[in-house]
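Accompanying notes for the structure given below.
Just so it is clear: chains get the letters A, B, ... in the order the sequence lines come, proteins before strands, and each one is counted from 1.
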Amino acid sequence: MTARPFAQIREGEIGRSEHRITADELDAFIALSGDVNPLHVDAAFARRHGFRGRVVHGMLVSAHLSRVLGTVLPGPGAVWLSQDTRFRAPAYVDDVLEIVVRVTHRSDGLRTLVLQTEVRNQRKEILLTGEAKIMMVAPSGQLPWTELVAVVTGGGRGIGAAICEALGAKGARVVVNYRARAQEAEAVAARIKASAGEAIAVQADVSDQAQAQRLASAALEAYGRVDVLVNSATPPIVRKPLLELTWEEVDAYWNVYAQSSFILAQRLVPGMKERGFGRIVHVLTTAMWGTPPAGVAGYIAAKSGAWGLAKGMAVELAPFGITVNAVSPSAVVTEQWDDTSDARLRALARSVPAQRLPSPDEVAAAVTFLAGSDGAYLTGANIPLAGGEVM
Amino acid sequence: MRERLRRIVADTIGVGPEQVARDASVDTVTDWDSLRHLELMLELELAFDVTISSDMMAVLTSLDAIEEFLRDEGVAEPV
């Protein structure tokens with residue numbers, strides 16, 4: 001049983017439960033509490049003093065209120081801070097208690113609730129009224145992979161494709177986003193489905209706000225929810241000296257790395273908050289760490305902007321069971337590097353202490369860790385997948 | 001305002017009003033622990049119709065800080 005997400009609880013929401021009080025239960029409570037007041041123990045004594053029979057302890061009635069608060073509303077994860085109670089009439093053996101609680105106030109900042117509490121019998125007589133103050137513990141962030149839906153931007157090839165397949169292999173349903181190459185994205189989705197997974201390919205150029213919105217809508221329409229957002233799309237990375245760089249080129253990086261993650265998060269985070277679970281992972285770069293290479297100022301600026309956004313989101317969303325992290329790999333040799341000479345690639349590999357470059361599958365493994373329940377307590381972290389290149 | 005705050009703190013913490021000095025804080029009232037503090041914040045929300053964030057909860061640990069916060073929120077005297 002997991003704690004109910006606080007965001008799901010609404011003012012005015014009502015929880016109720018019925019329970020018949022038995023003589024065995026009353027006797028058990030007498031044994032437990034040691035309260036052998038003859039009003040509870042001796043029916044003749046109780047009748048002589050104007051009661052219908054053995055009187056049920058007020059605290060036993062309250063115990064059933066506790067059950068409703070802890071299992072019905074607000075439910076698992078409730079911490080009972082205080083209770084004002086007024087016992088209005090006695091309860092008897094064989095009475096059917098109707099326990100009703102209603103949320104009258106919820107405080108987002110304090111994660112606390114005030115509930116009106118009432119217990120009636122089968123004759124609708126009020127036995128107990130009061131007010132409960134409840135704190136809700138934070139969600140633990142544990143959900144099975146098979147319940148999760150993941151959206152991976154730029155999922156049609158390279159690192160994004162490896163991430164899609166890794167998430168699909170875990171059991172998540174995957175939305176494979178692509179910009180232009182439908183065939184490759186469909187092939188990724190097909191491979192996931194061939195391995196008994198579930199996936200769809202969705203075209204959207206996420207650098208465009210409206211298309212990023214459309215991607216979110218398509219994912220929600222297909223699967224009804226999104227739990228994992230992986231921002232791995234990238235425009236072509238072109239080395240260019242600062243004075244030759246145009247703002248439009250900088251903007252292209254910015255729109256993919258920062259703007260799209262912002263737009264997608266704004267659409268998808270409300271559902272994550274409702275469920276008390278969410279994972280947002282950015283694929284960044286080790287070039288952000290330390291001294292960047294020359295000629296990629298726009299690229300570095302946009303990746304750094306995305307990371308700033310990620311940190312802001314991480315601190316704001318942590319109370320809701322949503323983590324926001326990043327993986328920063330060294331150069332991963334994908335199609336982006338087709339124009340690079342073999343000699344330069346070998347030199348790049350030799351410049352890393354590990355003497356090699358990371359594979360897309362290794363990036364996917366790090367993303368998968370962050371996207372699952374294992375990474376539940378890690379947020380605001382940028383993991384350098386760098387073979388020792390940066391520390 | 002200070003007298004009403006003292007009463008709210010005393011009622012919530014479960015101590016006599018005389019145990020809540022005019023400059024009381026979590027450091028001077030023994031039973032003002034973390035759970036009672038949470039309940040106190042909730043009482044303040046209900047009593048003064050204000051919203052308290054988790055950040056703010058961490059600093060509202062004295063009558064001085066609470067009164068200053070309520071004034072900033074536009075809670076007028078007498079309350």
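For the pair B:Arg71 and B:Glu67, the salt-bridge criterion is met [side-chain N within less than 4.0 Å of a carboxylate O]. Salt bridge A:Arg279/A:Asp227: absent, no basic N to carboxylate O contact under 4.0 Å. Contact check on A:Glu118 versus A:Arg120 returns a salt bridge, with a Lys/Arg side-chain nitrogen under 4.0 Å from an Asp/Glu carboxylate oxygen. At a threshold of 4.0 Å, the pair B:Asp11-B:Arg6 does not count as salt-bridged, since none of the basic side-chain nitrogens sits closer than that to a carboxylate oxygen.
Within residues 101-113 of chain A, the residues having any heavy atom less than 4.5 Å from a heavy atom of chain B are, in residue-number order, A:His105, A:Ser107, A:Gly109, A:Leu110, A:Thr112, A:Leu113.
Residue B:Met57 touches chain A through its side chain alone, counting heavy-atom pairs closer than 4.5 Å.
Between chain A and the residues B:Arg36, B:Met56, B:Glu45, B:Glu43, the most heavy-atom pairs under 4.5 angstrom are made by B:Glu45.
Residues A:Arg67 and A:Ser17 are in side-chain contact: their nearest non-hydrogen atoms beyond the backbone lie under 4.5 Å apart. Considering only heavy atoms from C-beta on, B:Ile66 comes within 4.5 Å of B:Leu40 through its side chain.
Checked by atom type, the side-chain pair B:His37/B:Trp32 shows a donor-acceptor distance below 3.5 Å.
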